[in-house]
Amino acid sequence: MRRRKSTSPRPTNRRPDPPAPRLADGTGIPRGPRFMNVLNRLRAAFGAVTPEGGDPQVFRAAVRATADPKFGDYQANGCMALAKALQQNPRELASAVREAVDLEPTAGKPEIAGPGFLNVRLHDEWVAEQLSVLLNDPAHGLTPPESPRTVVIDFSSPNVAKPMHVGHIRSTVIGDSLARIFEALGHKVVRDNHLGDWGSQFGMILWGWKNHRDDDAYATDPVAELSRLYRLAQARIKAGEKEVEEAARAETAKLHAGDAENRELWTRFMPFCLKALQTIYDRLGVRFDVELGESFYDPMLAEVVADLEAKGLAEESEGATVAFVAGMKAPFIIRKRDGAYNYGTTDLATIRYRGQTWDPDQVLYVVDSRQGDHFKQLFDVARRWGYDGAALEHVAFGTILGADRKPFKTRDGDVVGLESLLDEAVAEARKIVDANSPGIDPETRGRIAEIVGLGAIKYADLSQNRLSDYVFDWSKMLAMNGNTATYLQYAYARIQSIFRRGEIRPEQVRERRPPLILTHPAERGLGVRLLRLPEVLELAALELKPNILTDYLFDLASAYSTFFEDCPVLKAESAERRDSRLALCDLTAQTLKFGLGLLGIDVVDQM
RNA sequence: GCGCCCGUAGCUCAGGUGGAUAGAGCGGCGGUUUCCUAAACCGCAGGCCGCAGGUUCGAAUCCUGCCGGGCGCACCA
């Protein structure tokens with residue numbers, strides 16, 4: 001697997017697994033009603049019996065869930081690689097590990113298979129016991145990390161003064177989900193919306209305002225009018241009108257220089273712009289801890305450049321002040337020929353401010369992959385500047401494409417507005433709800449459609465590997481099965497339906513703490529999966545990939561659907577069985593709701 | 001030209017740090033509903049993992065070269 005480019009050192013790079021739990025009796029066996037991260041438990045056990053000459057960290061890392069259930073639930077693959085290094089027979093090595101390792105009470109002795117795999121099958125009783133613990137665990141099996149980290153997540157970051165469009169959804173949704181996942185794992189998260197409120201796009205708006213404004217239109221809808229002016233300026237510059245380009249640049253420079261008129265206009269426009277953005281964020285359920293835009297850093301820029309110059313990191317080149325980065329031809333510009341600062345300068349000031357304010361362990365920039373070169377330069381300069389305390393990571397993502405594999409546009413060729421995209425998703429969802437569930441009252445159908453529609457959009461984005469471009473496809477997105485939010489929401493709704501029909505509340509099942517029975521393959525398959533959430537979240541956070549979570553949830557929902565078909569709940573053959581299955585239903589519902597919540601997606605009780 | 005990303009089933013995509021017979025969904029074909037939501041479930045067909053070398057017990061995964069596609073490369077952000 002390729003590693004992310006980490007151009008600055010990661011203090012906790014390859015974060016170690018949480019240490020094995022400290023145990024009072026020294027047996028290696030945890031006592032008491034405490035949920036255990038299964039993977040970490042097994043890794044600790046195998047790591048402890050790493051053969052002489054092996055690296056325990058490597059050996060334990062080779063433990064993972066099996067790809068195929070016929071090989072058991074988990075497998076330890078470390079013996080083969082180690083045998084090679086030690087020039088020993090892998091099966092003999094595996095045999096020695098098998099004898100030494102103690103997995104009780106979690107599992108029995110592993111089985112040796114193939115060239116030296118060690119296959120682990122969890123004890124049904126242990127799985128059942130863990131599920132009972134999980135049933136009443138508000139933390140969903142998550143335990144606080146040994147050393148919580150501070151993670152700044154820079155995401156969404158739209159330019160103000162123009163409506164958000166489809167291009168903003170990925171950063172917003174991926175960043176929000178990563179924030180939720182890190183928080184759930186017990187880390188401190190700072191969600192920062194680095195607004196584009198100070199750049200040259202504002203100069204274009206100012207130029208438009210002074211030359212082409214429509215006062216009536218502004219009175220009616222300020223943001224729409226400002227957006228029109230921006231697009232007008234942009235179009236004329238793009239058409240090669242140098243004088244417009246120069247004029248807009250001059251307006252930007254005047255704004256930055258403190259020109260009274262431009263500052264007044266900026267101050268006047270901003271509240272409208274922010275309010276428009278807030279409307280979308282509210283609808284998406286996205287919030288920020290801070291929204292420190294480019295304007296916030298403006299007062300620091302001159303000093304940043306002076307400091308870089310003083311430290312010999314910046315130099316003059318073709319009239320601009322730049323920093324060169326080894327291996328890259330284009331310089332990193334921190335002051336333009338005309339004296340104005342640009343986003344490189346702002347980003348450096350931001351790194352310093354964040355370091356001084358939060359002292360983060362990790363800073364994530366959830367930004368389009370096309371800005372890769374910029375971040376490579378930025379991180380390099382920042383490190384040489386001395387801000388190397390945090391791991392700076394560009395969480396890159398691909399472009400959203402239309403069916404023609406070109407950037408997603410409307411039929412008229414405009415960029416698709418985010419608001420209309422959401423509206424369309426909700427309208428599509430509404431059609432399906434109306435068709436499938438006419439018995440539900442219209443108002444409730446409307447609420448369901450909103451949740452299902454937004455869920456579809458978010459999930460389509462999150463379930464894809466970030467790095468690849470993705471083809472936007474309505475039919476796929478709102479499909480009722482397959483790896484979609486709708487499928488997961490449906491599984492959840494079916495569970496709620498069982499509780500309604502049985503006239504029983506989940507809380508009653510939880511209080512009863514019924515013993516879990518896992519003798520049916522569908523029961524066991526579901527049960528083993530329910531224990532995996534903590535390890536999945538740890539991996540998703542490590543890889544910075546929400547699609548690891550969506551894959552898990554889809555797998556869980558599939559296992560539930562199989563269970564639903566094969567295992568009657570309310571009409572189970574005994575009261576014990578019924579209670580056990582109700583508990584499995586509730587656990588699944590809890591996990592789906594919690595997991596979807598970490599993706600920023602809601603559930604509905606019926607659909 | 002330099003750099004980054006991508007190439008896996010007809011289509012859209014998964015595929016931890018190299019592991020067992022490469023997986024889903026859609027589409028196709030065939031089944032399942034006196035039973036808790038059929039927005040579901042079960043089965044079948046469908047692959048030279050872009051190509052060629054290399055590394056090794058083992059490669060979709062790592063290395064090299066090539067082919068094909070996307071993107072970025074001095075004052076926009």
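Chain letters run A, B, ... following the sequence lines, proteins first and then strands; every chain starts at 1.
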Need one value for A113(A): base, sugar-phosphate or nothing, where a base atom within 4.0 Å counts as base even if backbone is also close, heavy atoms only.
base
Could you tell me whether F71(A) contacts a base, only the sugar-phosphate backbone, or nothing, with contacts defined as non-hydrogen atoms closer than 4.0 Å?
base
Y470(A), nearest nucleotide to its side chain (from A39(B), A20(B), C13(B))
C13(B)
Candidate nucleotides U37(B), A14(B), A77(B), ranked by approach to the side chain of S200(A) - the nearest:
A77(B)
For a quick check of understanding: with a heavy-atom distance under 4.0 Å over all strands, which category does A493(A) fall into, base, sugar-phosphate or nothing?
base
Looking only at side-chain atoms of D469(A), point me to the closest of U37(B), C13(B), G70(B).
G70(B)
Among the nucleotides A40(B), A39(B), A14(B), whichever has the atom closest to the side chain of S468(A) is A14(B)
Looking only at side-chain atoms of A320(A), point me to the closest of A77(B), A74(B), C57(B).
A74(B)
Whole angstroms only, please: what is the CZ-P distance between F59(A) and G19(B)?
16 Å
Under 6.0 Å between ring centres, would you say that holds for F71(A) and F117(A)?
no
List the steps and the verdict of side-chain hydrogen bond (donor to acceptor under 3.5 Å, both in side chains) for S295(A) and D197(A).
CA-CA 6 Å; S295(A) 62; D197(A) 60 0; 2.8 Å; yes
Could you tell me the separation between the CG atom of D373(A) and the C1' atom of A74(B), rounded to a whole number of Å?
13 Å
From the set C13(B), A39(B), U37(B), return the single nucleotide nearest to any side-chain atom of Q464(A).
C13(B)
Any N465(A) side-chain nitrogen or oxygen under 4.0 Å from OP1 or OP2 of G15(B)
yes
Side-chain donor-acceptor pair under 3.5 Å between N342(A) and T345(A), yes or no?
yes
Consecutive Watson-Crick or G-U pairs in runs of at least 3, all under 3.5 Å, in which RNA chain B is involved:
B:1-5 with B:69-73, B:10-13 with B:23-26, B:28-32 with B:40-44, B:50-54 with B:62-66
Looking across every strand, which nucleic acid part, if any, lies under 4.0 Å from V471(A) by heavy atom: base, sugar-phosphate, or nothing?
sugar-phosphate
Test for a donor-acceptor pair under 3.5 Å between the base of A20(B) and the side chain of T66(A), counting only N and O atoms.
no
Distance flag, aromatic centroids of F324(A) and F332(A), threshold under 6.0 Å
no
Side chain of R466(A), backbone of A396(A): donor and acceptor closer than 3.5 Å?
yes
Please determine, for the side chain of L39(A), which listed nucleotide (G16(B), C73(B), U37(B)) has the closest atom?
G16(B)
From the options T484(A), V452(A), I448(A), select the one residue that forms a side-chain contact (heavy atoms from CB on, under 4.5 Å) with Q489(A).
V452(A)
Among the nucleotides C36(B), A39(B), G16(B), whichever has the atom closest to the side chain of S437(A) is A39(B)
With a 4.0 Å cutoff (strictly under), does any side-chain N or O of K84(A) reach OP1 or OP2 of U55(B)?
no
Checking all strands, does V58(A) fall into the base, sugar-phosphate, or nothing category for heavy-atom contacts under 4.0 angstrom?
nothing
Using OP1 and OP2 only, check whether a side-chain N or O of Y487(A) sits under 4.0 Å from C41(B).
yes
Given G16(B), A40(B), U37(B), which nucleotide is nearest the side-chain atoms of S561(A)?
A40(B)
Let's see if you can work this out: which of U37(B), C5(B), G16(B) has an atom nearest to the side-chain heavy atoms of R500(A)?
U37(B)
Could you pull out the protein-nucleic contacts involving nucleotides 31-35 of chain B (nitrogen or oxygen on both sides, under 3.5 Å)?
none

Can a donor-acceptor pair be found between the side chains of H374(A) and Y343(A) at a distance below 3.5 Å?
yes
Does the side chain of Y487(A) come within less than 4.5 Å of Y492(A)'s, by heavy atoms?
no
Below 6.0 angstrom between ring centroids: does that apply to F563(A) and Y560(A)?
yes
N/O (side chain, N547(A)) to phosphate O (OP1/OP2, G15(B)) under 4.0 Å
yes
Can E565(A) and R494(A) be counted as an ion pair, charged N to O under 4.0 angstrom?
yes
Between R370(A) and R335(A), whichever has its closest RNA chain B nucleotide further toward 5' is R370(A)
Can you measure M80(A) atom CE to A20(B) atom P for me and round it to whole angstrom units?
9 Å
Which one of F296(A), Y297(A), W266(A) satisfies the ring-ring contact (aromatic ring centres under 6.0 Å, His included) criterion with W198(A)?
W266(A)
